[in-house]
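For reference, the structure discussed in these notes is given below.
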Amino acid sequence: MRRSKILAALLLAGSVQAAAEDPRLYPGQLRLLELDWAQLREIVPGAVYMRHWFGSDQSTALFRFPPAAASAAPATLAFHSHGTELAVQVAGDSEIVDERGRRYPLREGDVVLVKANVRHTGTFGSTENRILSVVTPARPEYPPEDGAAYFPGHGQPAAKAAPPRTDYTGPTVRTLFNLGTVEPTLLSYAGGGVAFRHWHGDDVSVAVTRLRADGSGHVAAAHAVHGEELAWVVRGQMRYTLTGGAQVTAGAGQAVVLPPYRAHSAQCLAGDCLIVSWHGPRRDEWGAPGSLPPLRFVTTGAGAVAAPVKIQCPCESSTAGTGAGGDQR
């Protein structure tokens with residue numbers, strides 16, 4: 001345990017130092033992202049509206065594309081590359097095309113992972129497109145949040161894009177699930193208050209969690225310590241609290257950036273909550289996709305954070321068994 005604490009502290013110190021060198025980032029901060037589609041900025045006149053935010057090591061962005069037929073200047077997305085991307089097709093339909101010409105159609109509700117450093121472009125359907133995107137590491141061409149955002153192919157990037165990928169084993173884009181059909185596939189814990197499912201990418205993990213207030217057997221408990229998390233509230237209202245400090249409450253359509261290696265608790269304040277979460281680095285302690293990790297840190301209960309916190313870091317591949325009221329997610 002002592003070795004794990006030391007390694008986790010070193011990882012956190014390195015992450016904060018690296019982030020501190022990039023003035024765009026918000027290292028170690030608990031942040032509430034409003035994700036208001038009405039407040040996006042016009043990037044390409046009449047064709048692309050977007051806004052972006054930063055965490056400790058990732059950038060989150062919203063994109064809105066008006067219907068192509070009604071746009072006076074249809075958006076042309078240039079080939080570009082960046083780190084691993086989680087993309088949610090919130091509305092409409094689109095298509096991702098990689099530099100080898102492979103095409104990946106996305107329909108409304110699809111949640112996909114795009115491999116890191118693969119040069120790709122995209123096309124957008126005739127209806128309005130709305131896309132939520134999380135990329136790690138943070139996209140180098142994005143300016144600070146108050147700057148003029150950049151859309152590949154329109155204007156000059158602030159930094160060079162990631163180098164092209166040479167390893168094309170497997171698909172460039174992998175559809176993980178669809179928001180409209182994922183809930184029946186979630187695995188439920190005893191008591192019925194929490195259901196969960198997760199997927200792994202090369203260097204990130206994605207999870208869907210459903211919390212129900214009428215479930216039993218859950219108490220508020222601190223998460224085990226892990227890397228950065230972005231939690232997007234699809235339904236309900238969630239309260240996130242850092243141990244000994246900051247707290248935010250997010251409603252449906254909002255997102256919360258949870259800083260890396262900081263213990264925190266999560267509480268559903270509504271009768272029913274559904275959350276899609278992105279985690280970097282990958283949460284290997286969850287085990288293989290399709291398995292159900294022990295329950296410790298997602299809760300529908302109330303009360304102070306009291307459970308002991310077990311440090312988890314990318315260097316630790318195994319975890320101890322659960323204790324009373326405990327889990328390791």
Side-chain angles (χ1 to χ4, degrees), residues 22-26 31-55 57-99 104-108 110-114 116-162 164 172-173 230 232 253-255 257 278:
D22 187 336
R24 304 171 305 159
L25 302 183
Y26 291 76
R31 304 194 69 196
L32 175 66
L33 308 185
E34 292 292 346
L35 304 188
D36 185 348
W37 298 99
Q39 298 300 317
L40 305 189
R41 300 163 181 162
E42 187 178 56
I43 306 304
V44 179
V48 182
Y49 299 80
M50 71 169 288
R51 190 174 175 187
H52 65 279
W53 299 264
F54 292 103
D57 191 43
Q58 54 81 22
S59 53
T60 297
L62 287 184
F63 298 91
R64 183 171 68 86
F65 304 90
S71 174
T76 302
L77 178 61
F79 275 100
H80 62 289
S81 60
H82 43 63
T84 301
E85 179 179 10
L86 168 72
V88 182
Q89 185 77 34
V90 179
D93 55 83
S94 65
E95 184 178 57
I96 297 175
V97 184
D98 68 26
E99 62 184 319
Y104 302 92
L106 278 66
R107 61 190 179 93
E108 186 165 310
D110 279 349
V111 177
V112 304
L113 278 179
V114 183
N117 301 340
V118 171
R119 287 172 52 81
H120 61 282
T121 183
T123 61
F124 309 97
S126 58
T127 59
E128 177 163 294
N129 267 238
R130 296 185 177 188
I131 296 171
L132 167 65
S133 169
V134 185
V135 174
T136 181
R139 289 187 63 165
E141 73 273 25
Y142 283 0
E145 292 177 12
D146 58 354
Y150 167 76
F151 186 71
H154 298 264
Q156 295 298 319
K160 291 183 178 179
T172 297
V173 179
L230 183 127
W232 178 47
Q254 296 178 318
V257 179
W278 163 99

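- Under the 3.5 Å distance criterion, the side-chain polar atoms of Thr121 are left unmatched by any main-chain donor or acceptor of Val97.
- Counting all heavy atoms, side chain and backbone alike, Glu128 lies closest to Pro66 at OE1-CA, 4.2 Å.
- Judged purely by atom type and a 3.5 angstrom limit, Asp93 has no side-chain atom pairing as donor or acceptor with the backbone of Leu106.
- Here the side chains of Trp278 and Thr60 are not in contact, with every heavy-atom distance at 4.5 Å or above.
- Looking only at side-chain heavy atoms (C-beta outward), Trp53 and Val257 stay at 4.5 Å or farther from each other.
- For the pair Arg24 and Tyr142, the cation does not sit on the ring face, since its NZ or CZ is not both under 6.0 Å from the ring centre and inside 45° of the axis.
- Across all non-hydrogen atoms, the minimal contact from Glu108 to Ala91 is OE1-CA, 3.5 Å.
- Counting heavy atoms from C-beta on, the side chains of Leu40 and Arg51 come closer than 4.5 Å.
- With contacts defined as side-chain heavy-atom distances shorter than 4.5 Å, the pair Glu34/Gln254 qualifies.
- Proximity of Trp37 to Leu62: side-chain heavy atoms (C-beta onward) are separated by under 4.5 Å at one or more points.
- For Gly253 against Leu35, the heavy-atom pair with the smallest separation is O-CB, 3.3 Å.
- Residues Phe65 and Ile131 form a side-chain contact, since some pair of their non-hydrogen atoms from C-beta on lies under 4.5 Å apart.
- The backbone N or O of His120 lies less than 3.5 Å from a partner atom in the side chain of His80, making a donor-acceptor pair.
- At distances below 3.5 Å, not a single donor-acceptor pair connects side-chain atoms of Glu42 with backbone N or O atoms of Tyr49.
- One distance of note links OG1 of Thr136 with CG of Leu230; it measures 11.0 Å at 0.5 Å rounding.
- Annotation for Arg107: atom CZ does not count as buried by contact number, only 12 or fewer foreign heavy atoms lying within 6.0 Å.
- Rounding to the nearest 0.5 Å places CG of Asn117 at 9.5 Å from NE2 of His82.
- Side-chain atoms of Leu86 and Leu113, non-hydrogen and from C-beta on, do get closer than 4.5 Å to each other.
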**Request:** Go through the steps to decide whether Trp232 and Val90 satisfy the test side chain to side chain contact (heavy atoms under 4.5 Å, CB included), and finish with yes or no.
**Result:** CA-CA 12 Å; Trp232 178 47; Val90 179; 4.2 Å; yes
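- The shortest side-chain heavy-atom distance between Ser59 and His52 does not fall under the 4.5 Å cut-off.
- The main-chain N or O of Thr127 is found under 3.5 Å from a side-chain atom of Asn129 such that the two form a donor-acceptor pair.
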**Message:** side chain to side chain contact (heavy atoms under 4.5 Å, CB included) for Phe63 and Ile43? Distances and angles first, verdict last.
**Reply:** CA-CA 10 Å; Phe63 298 91; Ile43 306 304; over 6 Å; no
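- Listed here is the closest heavy atom pair of Pro67 and Ser126: CB-O, 3.0 Å.
- The distance from the OG atom of Ser133 to the CZ atom of Arg139 is 6.5 Å, given to the nearest 0.5 Å.
- The backbone N or O of Phe54 sits less than 3.5 Å from a side-chain atom of Glu145, completing a donor-acceptor pair.
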